[in-house]
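What follows is a short report on a single structure.
Below, chain A is the first sequence line, B the second, and so on; all start at residue 1.
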Protein chains: 2
Amino acid sequence: MAATSTREKIICAADLLFYQQGFSHTSFADIAKAVNISRGNFYYHFKSKDQILSAVISLRRSNTHLLLKKWELCTAQPNLRLLSFIQLLQLNQDNILRYGCPVGTLCAELIKLDHPANSDARMILTLYRTWLRRQFSALGHKTQADNLALHLLTQSQGIATLASAFNDRTYLSRQILLLQQWLDKLLNQETIPVS
Amino acid sequence: MAATSTREKIICAADLLFYQQGFSHTSFADIAKAVNISRGNFYYHFKSKDQILSAVISLRRSNTHLLLKKWELCTAQPNLRLLSFIQLLQLNQDNILRYGCPVGTLCAELIKLDHPANSDARMILTLYRTWLRRQFSALGHKTQADNLALHLLTQSQGIATLASAFNDRTYLSRQILLLQQWLDKLLNQETIPVS
DNA sequence: GTCTATACGCCGATAGAC
DNA sequence: GTCTATCGGCGTATAGAC
């Protein structure tokens, strides 16, 4: 964990800057400054800006995968795992208020740029979708699992967008509470039998 | 309606291009090409790119205001007015699938650019919020009016983000249907009395 | 009002010394 | 592996002819 390679430092800094400033608005100069290396040295590690983007998306996919894995290992009950997902909004509230959702805003930007990495970025959303579906399925909501997963994803995207647009912490807190209540209510009603 | 001034043509073209390509990714050359004028001629009408953005946001605010006014004039029942809002997602489904929500994506971009026009852009969202609140209020949901308005706004933002990210028309259609059902269910239950 | 020509800076990318 | 120097291109913006 100690020695971090320059390559890793670049990816890490780019990850943060892409989130805060957007991909196209972040220049090599910005990243170079953050990592404290010269611009020229960049091209030893990456041949183009698109390759950095690609590496950043890979990192995010990997991190998301690890996070979901961790939730699955550390939390036995699927309903508590779903709660972890909702609480992620709370945990990252400061960043969400300032910069929105890292995944949603990146996808939105890449779509407008008509960038080929777009399909790669959306896979992060699919990771969440599949994982959420699995939890709902385990809770007995077999037929509705995917729709319920999409509902949670839709909500979190909408919440992140409006929270940052309005820069309203009260709104964000309230929406998180409502999501938790929605989940509670859903799971306390009897499960729909697979007829 | 016939004679459109060059200035109006520029704003109109910029409006569309900012939506499709994003603000910072749209160059003067792009707009000039769309309007069929030279780049230099631009600066007769606008002193800077920011001034064009400002004009575009003004246009969008004005258009939104007119649309909401129209709905209020043409539709007597507030519940049908709310339906008009939901059906706007359906009407613009092709564009939403390709470019997301014009307001949400612009706000997200301006936030990342730390652009001063950000607060101006978010006023469009506030226009919708206030109007929606008024409709819910007229339907008897006095205390919950703002929360219900925010729910509709949150949903539409989330739906637009995911629909474009996944480029999934089926998802979009289904979410619109669910929104309509949510509204139906809400309005057919007895209204909460103001105790 | 519209044009051409041009200034000037930033960005992505390359070459080559150390 | 890291540096400096530099290229070519595009982007915003200006000057000035018509």
Query - Criterion side-chain contact (heavy atoms from CB on, under 4.5 Å) on B:Q21 and A:L113, from CA distance to verdict - result: CA-CA 6 Å; B:Q21 310 184 344; A:L113 299 182; over 6 Å; no

Expected rows: protein N/O vs nucleotides 8-15 of chain C N/O, under 3.5 Å:
unit_1 : atom_1 : unit_2 : atom_2 : d
C:dG12 : OP1    : A:K49  : NZ     : 3.0
C:dG12 : OP2    : A:F28  : N      : 2.8
C:dA13 : OP2    : A:K49  : N      : 3.0
C:dA13 : N7     : A:Y43  : OH     : 3.2

Find the distance [X]:[atom1] to [N]:[atom2] and express it as a whole number of Å.
X	N	atom1	atom2	value
B:H115	D:dT12	NE2	C1'	13 Å
B:F42	D:dG16	CZ	P	22 Å
B:N36	C:dG1	CG	C1'	15 Å
B:F46	C:dG1	CZ	P	13 Å

Report task. Please say whether the positively charged group of A:R129, taken as NZ for Lys or CZ for Arg, lies over the ring of B:F166, i.e. under 6.0 angstrom from the six-membered ring centre and within 45 degrees of the axis. Result -> yes

Query raised in the report: Is A:K112 close enough and on-axis enough to B:F18, meaning under 6.0 Å and within 45°, for cation-pi?
Result: no

Query raised in the report: Under 4.0 Å: is that the gap between some side-chain N or O of B:Y44 and OP1 or OP2 of C:dG1?
Result: yes

Query - Any side-chain donor near an acceptor of the partner, A:N147 and A:H141, under 3.5 Å - result: no

Requested in this report: Decide if atom CZ of A:R61 counts as having more than 12 heavy atoms of other residues, nucleotides or ligands within a radius under 6.0 Å.
Outcome: yes

Query raised in the report: Can you check ring pair (Phe, Tyr, Trp, His ring centres under 6.0 Å) on B:F46 and B:F28, steps first, answer last?
Result: CA-CA 11 Å; B:F46 298 95; B:F28 279 13; 8.9 Å; no

